[in-house]
There are 2 protein chains.
Amino acid sequence: MPEQPSTLRARRRTETQRLIQAHAVRLFTERGYDATAVTDVAEAAGVSPMTVYRHFPTKEDLVLAGQEARLVAERIAASPAGRPLVRRIGLALVEAATESTGSGEGLTADGRFLLARLRLMITTPALRARHLDNQYALQQAIVTALDDGGDGHDAFRAQAATGACLAALHTALVRWAEDDGRTALPGLITEAFAAAFGGQAP
Amino acid sequence: MPEQPSTLRARRRTETQRLIQAHAVRLFTERGYDATAVTDVAEAAGVSPMTVYRHFPTKEDLVLAGQEARLVAERIAASPAGRPLVRRIGLALVEAATESTGSGEGLTADGRFLLARLRLMITTPALRARHLDNQYALQQAIVTALDDGGDGHDAFRAQAATGACLAALHTALVRWAEDDGRTALPGLITEAFAAAFGGQAP
DNA sequence: CCAAAACGTGGTAGTGACTACCATTCAGGT
DNA sequence: ACCTGAATGGTAGTCACTACCACGTTTTGG
């Protein structure tokens, strides 16, 4: 999904980003987030501190950066309307999770990296706060995407339902990370939805 | 509810806290959060920057400090068990909101201050992130408080349900702030729960 | 009632995240 | 080949926050 303009500059750019982020997550995991300075990350990646800030506006973005959110929003917007909102969102989330992590046992390299990032997001207070705010931004994006021209009251109901769905997702993600990714994520999401919404989930 | 030990030192201490926080919220509202330095708050309150940090460990706490969370957790723990979790939490939240803001029209001075803080929490990214993390901490407190000795699976379901409830609460709070407190908060919470959970809300 | 302990407050000097502002180098399109 | 623009690096500065220490006042215990 990330387009590859294949121009040399763009390829190098994404490659540097990948390099910096990989070293950052590694160092944060080894030494701790607060005990690792941005300068350390830059040094490990072989670039100047300036370059780190060019690619990642804040230290937190070194862990949080990722494009999973966009995928989710698009999938929900593309899902067939008519069904109750909670079921639409739940189904889209389960599908997106299946695609990202696989429903079976083996974890891809991307999956392991996502897991490492998630662990940091859950345990480090500053990262957890920013991650929750990102989820809130995703909520806004979802509500905007599926706004069928209803009035403010409809939008309010959509906000409430979407927020509750994303909270259930978050619970599933936390459990998945605590389990080191051994339990399949789609199943956890389904369980979380069942616990929160009872009869109106896949 | 906050005990008054009535010893001179304690009274002075809470008074300085109140003073600093009041000036902070005022300045943040007038000039903006990022454009206001902690030094400015200290100067306005007539204390040294050091004293500000003594009472409020971070700049964000100047807005976020408050003991509403504890009230909510206690109320939920005290609610009668047996009913479905979502209904228990919803009822407790509506009651707590009624007590804090009143169900009628007039807004108390405390209510107006709470509204000003809430507006800052919603509009300022850094504060919004920390606020969402505080809600997440409240979720943990609630789950711990009503842990009836179930297994890990029960705890997982409680996490999912509680998180969804607090997301609905947050939606109601945002709407309340956007309305400048004109719509009664308990009713908004009830509506948000109805939108998210359908038939299982007050 | 008077000491000693505890607390609230202020100063100084630091660390670390982040932000201008500017110079240099090199890929991309014409 | 030339010029535009992007990517990187350096310097200096702001601001949140943290020791570490000193001084005065309130509280406490004999």
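Throughout, a chain's letter reflects where its sequence line sits, starting with A, and its residues are numbered from 1.
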Output yes when at least one side-chain N/O atom of B:Thr7 is less than 4.0 Å from OP1 or OP2 of D:dT27, else no.
yes
When you check the phosphate oxygens OP1 and OP2 of D:dA7, does a side-chain N or O of A:Arg12 lie under 4.0 Å from one of them?
no
Over how many whole Å does the gap from A:Met50 atom CE to D:dG13 atom P extend?
16 Å
Assign A:Thr39 to base, sugar-phosphate, or nothing according to its heavy-atom contacts below 4.0 angstrom with the strands shown.
nothing
Output the rounded distance in Å from NZ (A:Lys59) to P (C:dC18).
8 Å
Answer yes if the side chains of A:Asp147 and A:Thr144 hold a donor-acceptor pair under 3.5 Å, and no otherwise.
no
Expressed in angstrom and rounded to an integer, what is the separation of B:Arg54 atom CZ from D:dC20 atom C1'?
11 Å
Is B:Arg119 paired with B:Glu178 through a side-chain N to carboxylate O contact shorter than 4.0 Å?
no
Give a yes/no answer on whether the side chain of B:Thr36 brings an N or O atom under 4.0 Å of OP1 or OP2 in D:dC15.
no
Rounding to an integer number of Å, can you tell me how far B:Asp40 CG sits from D:dC15 P?
8 Å
Can you find a side chain N or O atom of B:His55 that sits less than 4.0 Å from OP1 or OP2 on C:dG8?
no
Please give, in whole Å, the distance from D:dT18 C1' to B:Asp61 CG?
15 Å
Nucleotide D:dA16, atom P - distance to CZ of B:Arg130 in whole Å
15 Å
For A:Arg13, answer base if it contacts any base atom (sugar-phosphate contacts may also be present), sugar-phosphate if it contacts only those atoms, and nothing otherwise; contact means non-hydrogen atoms under 4.0 Å.
sugar-phosphate
In this structure, how many angstroms lie between the P atom of D:dC15 and the CG atom of B:Leu62, rounded?
16 Å
Sidechain N-carboxylate O distance under 4.0 Å for A:Arg130, B:Asp133
no
Tell me whether A:Lys59 forms a cation-pi arrangement with A:Tyr33, defined as NZ or CZ under 6.0 Å from the six-membered ring centre and within 45 degrees of its axis.
yes
Please report the distance, rounded to the nearest Å, between OH in B:Tyr53 and P in C:dG14.
18 Å
Over 60° means perpendicular and under 30° means parallel, so tell me whether B:His131 and B:His170 are parallel, tilted or perpendicular.
tilted
So, OP1 or OP2 of C:dG8: does either fall under 4.0 Å of a side-chain N or O from B:Ser48?
no
Side chain of B:Arg9, base of D:dT26: donor and acceptor closer than 3.5 Å?
yes
